[in-house]
Each structure stands twice: as structure tokens, then as C-alpha cells.
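Along the sequence shown, residues are numbered consecutively beginning with 1. Counting convention: from 1, in listed order, for ligands and their atoms alike.
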Amino acid sequence: MSNITLHTLSARKQAGEKFAVLTAYDATFAHLVSSADIEMILVGDSLGMVLQGQDSTLPVTVEEMAYHTASVARGNQGAMIMADLPFMSYATPEQAMESAAVLMQAGAHIVKLEGGDWLCETVSLLAERGVPVCAHLGLTPQAVNKLGGYRVQGRDKHSALKMLEDAKRLEQAGASMLLLECVPSLLADEITRNVEIPVIGIGAGPHTDAQVLVMHDMLGITPGRTPKFVKNFMPEADSIQDAFRLYGEQVRSGQFPADEHGFD
Ligand code: KIV
């Protein structure tokens with residue numbers, strides 16, 4: 001796979017072609033994921049839960065994110081690498097610039113941060129300084145205590161309109177991508193059609209430009225209840241890398257996610 005860039009992924013959106021994103025946190029899995037033709041690797045702060053066994057993403061630090069981002073960058077074979085800015089590492093624009101610099105220097109190609117239009121100034125400052133930003137809307141796990149749990153967001157008219165407005169404002173501020181987590185499928189569709197930048201979904205139905213899953217979930221090795229937006233690809237696959245390849249193919253063909261993986 002030749003190197004995937006922002007330009008590649010924006011062109012995919014313009015052409016109506018979907019792309020696949022998977023989390024990875026180390027060099028070996030980054031090698032397997034990227035050589036299975038997955039276009040983007042997310043070094044998610046979900047590592048707090050799936051690697052460290054924490055009960056939320058809140059304890060994850062910039063230093064830990066940098067360590068895992070650098071490991072992923074060493075194994076990567078041409079995928080675009082997105083790294084999460086962890087909890088409270090972008091509470092002010094100045095702090096965001098310092099934290100983003102650490103992750104970009106560790107090997108990220110784009111950083112992701114969670115929140116709505118309060119982040120517009122931060123997004124502009126980062127973008128002007130050459131740091132591409134993905135804005136994460138909907139269920140923002142770093143705000144789990146404020147949200148009162150891991151719940152679908154944007155179900156009522158007011159919050160749906162607010163999310164659509166936030167998406168447009170963040171795009172205007174210079175965001176290069178959006179990620180929608182646990183959002184009704186119809187709202188995700190509307191947001192995707194109303195912005196020019198690629199929209200990645202998780203629990204956001206079949207109409208976004210791209211899809212992301214946590215690797216441990218799609219390999220069926222996460223303990224506990226499986227969320228409805230997850231599909232375990234291992235039963236159809238010959239190997240772990242084959243599961244990654246199948247996931248990529250099914251996302252690009254529109255087979256996954258299906259309606260049944262979305263929320264009303
Ligand atoms: O941290 C992560 O893995 C994420 C995904 C759940 C989108 O942000």
C-alpha cells in the first residue's frame with residue numbers, strides 16, 4: 001500500500017469511496033493492520049481500557065500516548081496514523097499545542113480530540129501550525145462522568161441540531177476529519193452529507209465515509225458484553241490478519257456496518 005495521506009482520504013470522500021480505520025497500539029499489530037490494507041490506524045486512548053485494564057480512558061497520559069504512537073509508527077506500512085490527545089491534555093489551546101507536538105513528534109500524522117464548538121479556537125491554532133485535527137463528537141468517552149455513562153448521543157432534536165452545528169463549525173475552524181461515536185444513523189448520515197471533510201463512524205450506522213473499531217472488539221477478545229455496533233470478524237477469518245483484511249473489504253464495500261449495527 002502506498003502512503004495514505006489526508007489528500008488520499010479526502011479524495012475518497014469526494015469519489016464516494018469508503019475507508020477503514022482500526023485501533024492498534026504496538027509495532028506488531030500496526031504492521032499486521034497496515035499490511036492488511038487498512039487505510040488508517042487509530043492509536044486510541046482506548047488503550048487505557050484494553051491494554052491497561054482501567055475502567056475509563058481518563059487515566060491515560062500524553063507520555064503513554066507518545067510511547068504507543070512511536071511503537072505503532074515503527075511497525076506501520078503506509079497507513080495514516082491518528083493519535084488521541086488524552087483527557088485534559090488540551091484543556092487550553094496552549095496545552096493542546098504542547099500535547100499535539102509530542103504526539104506528532106512521536107509519529108502521528110493527525111491528532112484527535114473530543115468535544116464540540118468550544119474547541120474551534122484550538123482546532124484553528126493547530127491547523128494553522130500544520131497539525132491536522134480530527135474532532136470527535138457524539139459519545140465522547142473522556143466526558144463519561146458528565147454524560148452519565150456510555151450512552152447514545154443526539155437522540156433529541158436539540159442535541160441533534162447542536163451536533164450538526166458543531167460539526168459545521170469545527171470544519172470551518174479547520175478540522176480535517178470528524179469522528180462520530182454512538183450517534184443515531186440518520187443524524188450521522190445528515191452530518192456526513194453536510195460537511196466536505198471525511199466522517200468516520202463507530203456506532204453511527206452505515207452512512208458515514210469511514211468506519212473505526214477497537215481491534216480487540218473486532219477480534220472478539222474484549223471481555224464482557226459486546227456493543228451492538230461491533231462485529232467479530234474472527235469466525236469468518238483464517239487468521240488475525242485475515243480478519244483485518246475482511247474488515248477493510250466489508251467497510252469499503254458497504255457490507256459493514258449494516259443497519260443492524262446502528263442506533264435509531
Ligand atoms: O480511543 C479510541 O479507540 C477511540 C475509538 C473508540 C473511536 O476513540
Side-chain angles (χ1 to χ4, degrees), residues 9 19-26 29-30 33 38-62 64-69 71-72 79-90 99-100 103 108 110-116 119 133-144 147 149-154 163 167 170 175 177-183 188 191-192 198-205 208-219 221-222 224-231 244 247 251 256-257 261-263:
L9 301 180
F19 60 90
V21 187
L22 256 187
T23 67
Y25 315 99
D26 67 24
F29 278 104
V33 167
I38 301 299
E39 286 87 349
M40 186 178 234
I41 294 176
L42 170 62
V43 188
D45 58 358
S46 50
L47 68 86
M49 297 167 91
V50 296
L51 299 190
Q52 299 175 346
Q54 316 272 10
D55 63 2
S56 78
T57 58
L58 273 65
V60 178
T61 64
V62 174
E64 288 166 348
M65 289 305 303
Y67 172 87
H68 288 282
T69 302
S71 305
V72 163
M80 189 163 176
I81 300 175
M82 175 148 76
D84 269 341
L85 285 170
F87 178 63
M88 286 304 253
S89 70
Y90 51 98
S99 309
L103 299 190
I110 180 169
V111 296
K112 176 162 79 62
L113 35 72
E114 299 182 8
L119 282 168
V133 180
C134 174
H136 183 151
L137 294 169
L139 170 55
T140 47
Q142 291 171 15
V144 61
L147 298 174
Y150 296 99
R151 333 165 163 263
V152 179
Q153 302 294 310
M163 208 185 298
L170 286 158
M177 286 191 190
L178 293 178
L179 187 146
L180 301 178
E181 178 166 356
C182 291
V183 167
I191 293 174
T192 304
V199 177
I200 304 167
I202 176 166
T208 54
D209 304 306
Q211 180 65 199
V212 61
L213 283 181
V214 170
M215 179 207 290
H216 296 60
D217 289 347
M218 57 79 75
L219 294 177
I221 55 172
T222 306
R225 193 179 64 88
T226 306
K228 81 178 280 208
F229 56 80
V230 169
K231 174 174 169 182
F244 297 157
Y247 166 71
V251 169
F256 176 79
H261 300 111
F263 297 102

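- For Thr23, every heavy-atom contact with ligand 1 shorter than 4.0 Å involves the side chain, none the backbone.
- Counting only N and O atoms by type, the side chains of Ser71 and Asp26 include no donor and acceptor under 3.5 Å apart.
- The nearest pair of heavy atoms linking Phe244 to Ile38 is O-CD1, 3.3 Å.
- Inter-residue side-chain proximity for Gln52 and Val60 is flagged as met; some heavy-atom pair is nearer than 4.5 Å.
- Which parts of ligand 1 touch Asp45 is read off a 4.0 Å heavy-atom cut-off, strictly below it: atoms 1 (O).
- Under the 4.0 angstrom criterion for non-hydrogen atoms, Glu114 is not in contact with ligand 1.
- The single protein non-hydrogen atom nearest to atom 8 (O) of ligand 1 is Lys112 NZ, 2.8 Å, given as residue, atom name and distance.
- Nearest to atom 5 (C) of ligand 1 among the protein's heavy atoms is Leu42 CD2, 3.7 Å.
- A side chain to side chain contact (heavy atoms under 4.5 Å, CB included) with Val33 is found for exactly one of Met215, Met40, Glu39, namely Met215.
- The single protein non-hydrogen atom nearest to atom 3 (O) of ligand 1 is Ser46 OG, 2.5 Å, given as residue, atom name and distance.
- The shortest distance between side-chain heavy atoms of Leu113 and Val133 falls below 4.5 Å.
- Close approach of ligand 1 to Gly44 is summarised as follows: ligand atoms under 4.0 Å from at least one heavy atom of the residue are 1 (O), 2 (C), 3 (O).
- Aromatic ring pairs are classed by plane angle as parallel below 30°, tilted from 30° to 60° and perpendicular above 60°; the pair Phe256 and His261 is perpendicular.
- Residue contacts with ligand 1 for Asp84 involve side-chain atoms from C-beta outward but no N, CA, C or O (heavy atoms, distance under 4.0 Å).
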